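Accompanying notes for the structure given below.
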There are 2 protein chains.
Amino acid sequence: MKRFHEYKNPSLAVDLVVFGYHNNTLSVLLLNRKEAPFRDCWTLPGGFLQMEETFLYTCSRILQTKLGMDGVFLEQLYSFDDPDRDPRGRVIAVGYYALINPAKFQVVAGSMANDVKWFNVRKLPVLGFDHKQIFQQALQRLKSKILYYPVGFELLDDLFTITELHELYECILHTTIDRRNFRRKILDAEYVINTGMKREGLKNRHPELYKFNKQLKKNNFQINISTE
Amino acid sequence: MKRFHEYKNPSLAVDLVVFGYHNNTLSVLLLNRKEAPFRDCWTLPGGFLQMEETFLYTCSRILQTKLGMDGVFLEQLYSFDDPDRDPRGRVIAVGYYALINPAKFQVVAGSMANDVKWFNVRKLPVLGFDHKQIFQQALQRLKSKILYYPVGFELLDDLFTITELHELYECILHTTIDRRNFRRKILDAEYVINTGMKREGLKNRHPELYKFNKQLKKNNFQINISTE
DNA sequence: TTACTTCACGTTAAATTGACGCAATCAAAT
DNA sequence: ATTTGATTGCGTCAATTTAACGTGAAGTAA
């Protein structure tokens, strides 16, 4: 019996939407390609699946070797299968998105890229391949996910203030949320634990520092905000 | 330059969770395999992706040729990539689920299967491969989806009563929902349009027949029921 | 001390939900 | 013809949740 992988099969790749949050801005990490196709174009980081790898492993490998990142939140998005999505041939891409705290990593362009840069998600350049579509799906997923699942803290420092969490939500959802109602929701849901410490060195009143509540029953909370 | 598909790549398959609703029961279509592996075991219908096909096309082809179904609701679920999920070699499966009205189709076992049968989703036999996992993810997706997106009608006849829709929701969510509150929600959301006709031949009061409102702003409604 | 800003905690009206009540409608039994 | 028993369609109301906003405390800078 002929083994399956001796037939011709499409290639398999993962494409990564790496979100970072810094200075009140949600950003995405893009590579400037050194080689055709889409030479000198901005694209999502990605790479091919090796025969023995899982997708998650491929993602980690890419994050590690191309971007020097480790131990980050990763979630599968969707599989993109347009036969013409890659001019080199049939490549099926499985999209993943990652949430990282840019303060924890220093990104460097690997050998495949001219440049690696953070781009504000509202000011993206033209992307190669079908990466615009993958990005949009990732952003949409993130927007819905933070409303019913505590992932926001993945983008922040270990200790954060309610105001910082509030600003993160406003930034991701691209809307305004009442400060006081937000605080109440987050505290009622036991999303966070008060550490008793305060953030020092600010111009005004020093806010309390919280950490994420790891014991949180994850589907116990829901923030009702119209995703517009 | 070597073309990508001349490298060895994992095989790609789709596996289908076909939901049907009949006699107040949510069912799933399973095949009894004629050949190894998992000979004489029940599995989800599935098949390999041809080089030029999209996943959706593969799904349609399988539904058409193996099950005689056409023009059904299909949605991608997730990609399953455990290297050992198929004893024949590396096969990556993209899960899809379908919603069909069993009254519209007569399923027949194709050449690959000993038998094709509907199984109550609460009384499934042991499944081959990782199909239990794929099924569970599909059921979970369906349960959350019907709360914020109008897909329930895909499982019903073109004309249906509110009570029938209500029973469908209770069956899928596996819980009880207050009849009168459910009615109000569905009507307020403009989920359905009253046709003025009534279902005749019943023992008691003849209920009004509705059809799905195709003009519905799809994210305009939300049924709040604890998915437990 | 005063001015100014942010933080933490309340308050209140409006909207929504959950739990029922009840009359109208139908077929079958009396 | 009337009663019985079930389902359907519409309504009520208390309890809960949400949205919008007030205010004093805590901090820095003038």
Side-chain angles (χ1 to χ4, degrees), chain A residues 23-24 146-148 156-157 159-171 173-211 213 219-228, chain B residues 23-24 146-148 156-157 159-171 173 175-211 213 217 219-228:
Chain A
N23 280 125
N24 267 322
I146 56 167
L147 297 181
Y148 68 91
L156 298 175
D157 294 339
L159 300 182
F160 50 87
T161 68
I162 303 258
T163 299
E164 284 160 10
L165 190 62
H166 175 237
E167 285 169 345
L168 172 66
Y169 270 73
E170 287 196 333
C171 178
L173 296 171
H174 209 230
T175 183
T176 60
I177 307 168
D178 185 273
R179 186 169 41 90
R180 292 144 293 186
N181 294 337
F182 179 82
R183 165 184 299 272
R184 179 160 33 97
K185 275 271 185 181
I186 292 293
L187 292 178
D188 287 354
E190 299 178 277
Y191 190 112
V192 291
I193 296 171
N194 193 331
T195 64
M197 292 180 283
K198 299 193 173 193
R199 183 164 314 284
E200 309 290 342
L202 295 182
K203 220 175 61 174
N204 300 311
R205 181 172 175 176
H206 296 175
E208 292 171 332
L209 283 167
Y210 291 80
K211 62 181 177 185
N213 176 8
N219 18 1
N220 196 26
F221 97 108
Q222 169 112 18
I223 299 182
N224 288 57
I225 293 152
S226 60
T227 325
E228 115 263 21
Chain B
N23 279 123
N24 268 323
I146 56 166
L147 297 180
Y148 69 90
L156 299 174
D157 293 337
L159 300 183
F160 51 86
T161 68
I162 305 257
T163 299
E164 285 160 9
L165 190 62
H166 175 238
E167 285 169 345
L168 172 68
Y169 270 73
E170 287 196 332
C171 178
L173 296 172
T175 183
T176 59
I177 306 167
D178 185 273
R179 184 171 47 90
R180 292 146 291 190
N181 293 337
F182 178 82
R183 167 183 298 271
R184 186 184 32 184
K185 275 272 188 182
I186 293 292
L187 292 177
D188 286 356
E190 299 178 278
Y191 190 111
V192 291
I193 297 171
N194 194 330
T195 65
M197 292 180 282
K198 299 192 172 193
R199 185 165 310 287
E200 309 289 342
L202 296 180
K203 220 175 62 173
N204 299 310
R205 181 171 176 176
H206 295 177
E208 291 171 330
L209 284 167
Y210 291 80
K211 63 181 179 186
N213 176 8
K217 278 174 278 169
N219 18 1
N220 196 25
F221 96 109
Q222 168 112 19
I223 299 181
N224 288 56
I225 292 152
S226 62
T227 325
E228 108 257 29

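Lettering of chains follows the sequences in order, A, B, ..., and the numbering in each one begins at 1. No experiment lies behind these values; they were computed from the predicted model shown.
- Between H166(A) and F182(A), the two ring planes are tilted [angle within 30° to 60°].
- Residue K185(A) places its NZ atom among more than 12 non-hydrogen atoms of other residues, nucleotides or ligands, all under 6.0 Å distant.
- Side chains of E190(B) and N213(B): no donor on one and acceptor on the other come within 3.5 Å.
- Taking atom NE2 of H166(B) as the reference point, atom P of dT7(D) lies 13 Å away to the nearest angstrom.
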With sugar-phosphate taken as primed atoms, P, OP1 and OP2 and all else as base, the protein-contact string of nucleotides 17-30 of chain C at under 4.0 Å (heavy atoms; B, S, -) is BBBBB--BBBS---
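- Nucleotide dG11(D) holds its C1' atom 13 Å from the CG atom of D188(B), rounded to whole Å.
- Taking atom CG of N194(A) as the reference point, atom P of dC9(C) lies 8 Å away to the nearest angstrom.
- Taking OG1 of T161(A) as the reference point, atom CG of L156(A) lies at 8.5 Å (rounded to 0.5 Å).
- The distance from atom CG of N23(B) to atom CD of E167(B), rounded to the nearest 0.5 Å, is 11.0 Å.
- Whole-Å rounding puts the F182(B) CZ to dG9(D) P distance at 13 Å.
- For the atom pair CG (L165(A)) and CD1 (I186(A)), the distance works out to 5.0 Å, reported to the nearest 0.5 Å.
- When heavy atoms are screened at a 4.0 angstrom cut-off, T161(A) is found touching no nucleic acid atom at all.
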